[in-house]
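Note on naming: letters A, B, ... go to the chains in the order of the sequence lines (proteins, then strands), and numbering restarts at 1 for each one.
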Amino acid sequence: MPELPEVETTRRGIEPHLQGQRVERVLVRNASLRWPVPDDLDARLSGQRIRQVERRAKYLLIRAESGTLLCHLGMSGSLRLVDAATPAEKHEHIDLVLANGQALRYTDPRRFGCMLWVVEGEQHPLLATLGPEPLSNDFSAPYLQAKAKGRKAAIKPFIMDNAVVVGVGNIYASEALFSAGIDPRKAAGQVSAAKLALLVDEIKTVLARAIEQGGTTLKDFVGGDGKPGYFQQELMVYGRAGLPCHTCGHELREVKLGQRSSVFCGACQR
DNA sequence: AAATATACCTGACTGC
DNA sequence: TGCAGTCAGGTATATT
């Protein structure tokens with residue numbers, strides 16, 4: 001599932017191929033994503049040049065001349081460049097056909113993603129309430145300490161809350177909490193200031209390392225499968241319930257927090 | 001206001 | 001072999 005590092009890797013992979021290119025047309029084979037793909041998308045975007053590709057949280061913002069294509073990969077989505085003549089397979093729902101004969105192809109088997117149009121100068125409601133970017137200076141120890149104050153929600157769902165900090169999904173939340181030695185069940189307001197500061201560092205570290213690996217081990221965004229090097233990094237707890245902790249050997253436990261499975265070490269995380 | 005539950009969807013896996 | 005059932009998971013939204 002694309003987490004923030006995969007989205008950033010995708011951004012870096014596709015931007016060089018899109019920048020300055022003119023969109024010839026938009027081919028929508030299946031418009032039923034999380035929200036319907038606007039039926040006037042082709043009319044809105046065709047003929048325009050793509051200026052740049054940005055990222056906000058796990059959203060990709062493909063900036064064109066009169067507006068922005070707002071794209072989310074959901075859990076199973078991916079984007080890659082193909083020759084526009086390449087026949088589309090089952091879950092390849094959308095093509096941004098470029099004037100140079102290539103196409104940016106959107107694939108999403110589970111259709112949890114979205115592809116929306118935002119008119120230039122407007123802000124989409126989806127982006128309005130997002131918290132700070134985890135790798136920015138706005139996401140700091142003082143910020144998280146203030147935000148956590150008095151909060152009774154468990155720390156894991158708390159840091160997965162997009163209003164607190166964006167882009168921290170189940171995998172990286174689990175891994176960062178392990179690295180910081182924090183019990184994922186502990187109320188956010190009860191975690192010490194020192195541990196919250198450590199958590200901020202660990203979130204930044206785990207995400208930055210994953211992006212770095214994405215840049216090296218990565219995938220082929222042109223012609224290839226377009227799948228970033230998902231989860232190349234060694235996972236300490238995620239998906240390892242019942243197995244021994246890599247640090248102390250204690251058997252890793254699994255609990256549900258906010259409907260999400262959470263694996264942790266009862267000895268290392270307190 | 002905050003916490004919790006629900007819905008969306010389908011591939012992968014489990015058990016019969 | 002095949003079928004039915006379960007689960008995962010990001011995030012908006014509804015409900016308590």
Check against side-chain contact (heavy atoms from CB on, under 4.5 Å), A:L69 and A:W117: CA-CA 5 Å; A:L69 195 54; A:W117 182 252; 4.2 Å; yes
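- Spacing between atom CG of A:D108 and atom P of B:dC9 amounts to 11 Å, rounded to whole angstrom units.
- Between A:E8 and A:R11 there is a salt bridge, since at least one side-chain N of the basic residue sits less than 4.0 Å from a carboxylate O of the acidic one.
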Chi angles and distances behind the side-chain contact (heavy atoms from CB on, under 4.5 Å) call for A:W35, A:L126: CA-CA 12 Å; A:W35 295 284; A:L126 287 170; 3.7 Å; yes
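- Atoms CG (A:L257) and C1' (B:dT4) sit 13 Å apart, rounded to a whole Å.
- Counting only distance, with no hydrogens or angles, the side chain of A:K204 and the backbone of A:P134 share a donor-acceptor pair below 3.5 Å.
- Rounded to a whole Å, the NZ atom of A:K147 is 12 Å from the C1' atom of B:dA1.
- When rounded to the nearest whole Å, the span between CZ of A:R110 and P of B:dT10 equals 10 Å.
- Here the C1' atom of nucleotide B:dT4 and the CZ atom of A:F158 are 16 Å apart, to the nearest Å.
- The residues A:R56 and A:E133 are annotated as salt-bridged, a charged nitrogen and a carboxylate oxygen being separated by less than 4.0 angstrom.
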Nucleic acid footprint by protein, nucleotides 11-16 of chain C - heavy-atom cut-off 4.0 Å, B for base, S for sugar-phosphate alone: BS----
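- For the pair A:H93 NE2 and B:dT10 P, the computed distance is 8 Å after rounding to whole Å.
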Worked verdict on A:R111 versus A:N30 for side-chain contact (heavy atoms from CB on, under 4.5 Å): CA-CA 10 Å; A:R111 311 209 312 271; A:N30 186 345; 3.7 Å; yes
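- Across B:dT6, C:dG10, C:dA8, the shortest atom-to-atom separation from the side chain of A:M75 is found for C:dG10.
- With respect to A:R63, the salt bridge (charged side-chain N to carboxylate O under 4.0 Å, His left out) criterion is satisfied by exactly one of A:E54, A:E15, A:E120: A:E54.
- If you take CZ of A:R111 and P of C:dA8, they are 22 Å apart, rounded to a whole angstrom.
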All N/O pairs under 3.5 Å across the protein-nucleotides 2-7 of chain C interface:
none

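- Judged by distance alone, with hydrogens and angles left aside, the side-chain atoms of A:Q21 form no donor-acceptor pair with the main-chain N or O of A:I50 at under 3.5 Å.
- Phosphate proximity of B:dA1 to A:R151: absent, as no side-chain N or O sits under 4.0 Å from OP1 or OP2.
- We find that CD of A:E6 is positioned 13 Å from C1' of C:dG10, with the value rounded to whole Å.
- At a threshold of 4.0 Å, the pair A:E92-A:R80 counts as salt-bridged, since one of the basic side-chain nitrogens sits closer than that to a carboxylate oxygen.
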